[in-house]
Amino acid sequence: MTRAFTIIIVLLLVVSCDREYKNCFEAELPKAREIQVCNDLWQVCEKKARVTAEEACAAFKPTD
């Protein structure tokens, strides 16, 4: 029973570790999409928006 409880706690901690980064990224991505001005393919614009949002949330990104 103790082992199962410990495993569950560890899994919850691992899952919640990068939640702050994900929250920030989800909030910043729509903003970054609005400010990207490009006439290229939409994939290029989306990539630029994701990079911009990632840079804005770098402080929250978990270390690998």
Side-chain angles (χ1 to χ4, degrees):
M1 184 66 176
T2 303
R3 183 184 300 176
F5 182 72
T6 304
I7 290 172
I8 290 170
I9 294 297
V10 169
L11 287 175
L12 287 174
L13 286 173
V14 169
V15 169
S16 66
C17 278
D18 64 340
R19 190 69 234 168
E20 194 168 4
Y21 170 75
K22 287 180 182 176
N23 288 343
C24 176
F25 189 80
E26 289 169 1
E28 288 294 322
L29 188 56
K31 296 176 195 173
R33 284 181 180 143
E34 289 177 11
I35 63 171
Q36 294 303 322
V37 179
C38 59
N39 297 319
D40 296 328
L41 296 173
W42 71 268
Q43 292 97 336
V44 175
C45 296
E46 179 66 14
K47 183 177 179 182
K48 287 181 184 177
R50 288 182 172 275
V51 169
T52 302
E54 189 170 302
E55 289 171 355
C57 297
F60 301 110
K61 192 169 187 177
T63 56
D64 292 336

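Only a predicted model underlies this, so the values are computations on that prediction, with no experimental measurement involved. All values below were derived from every heavy atom in this structure, side-chain atoms included, with hydrogens, water molecules and symmetry-related copies excluded.
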Given side chains that start at C-beta, do those of [X] and [Y] come closer than 4.5 Å, heavy atoms only?
| X | Y | result |
| --- | --- | --- |
| F25 | K61 | no |
| K48 | R33 | no |
| L29 | E46 | yes |

Quick check: closest heavy atoms across [X] and [Y], and the distance to 0.1 Å?
| X | Y | value |
| --- | --- | --- |
| Y21 | C57 | CD1-O, 3.5 Å |
| A32 | A53 | CB-N, 4.2 Å |
| C24 | A56 | SG-O, 4.4 Å |

>> Which residues pass the side-chain contact (heavy atoms from CB on, under 4.5 Å) test with E55, not counting sequence neighbours?
In response: V51
>> Looking at K31 and E34, is any side-chain nitrogen of the basic one under 4.0 Å from a carboxylate oxygen of the acidic one?
In response: no
> Between E54 and K47, is there a side-chain N and carboxylate O pair less than 4.0 Å apart?
Replying inline: no
> Roughly how far, to the nearest 0.5 Å, is CZ of R19 from CZ of F60?
Replying inline: 13.0 Å
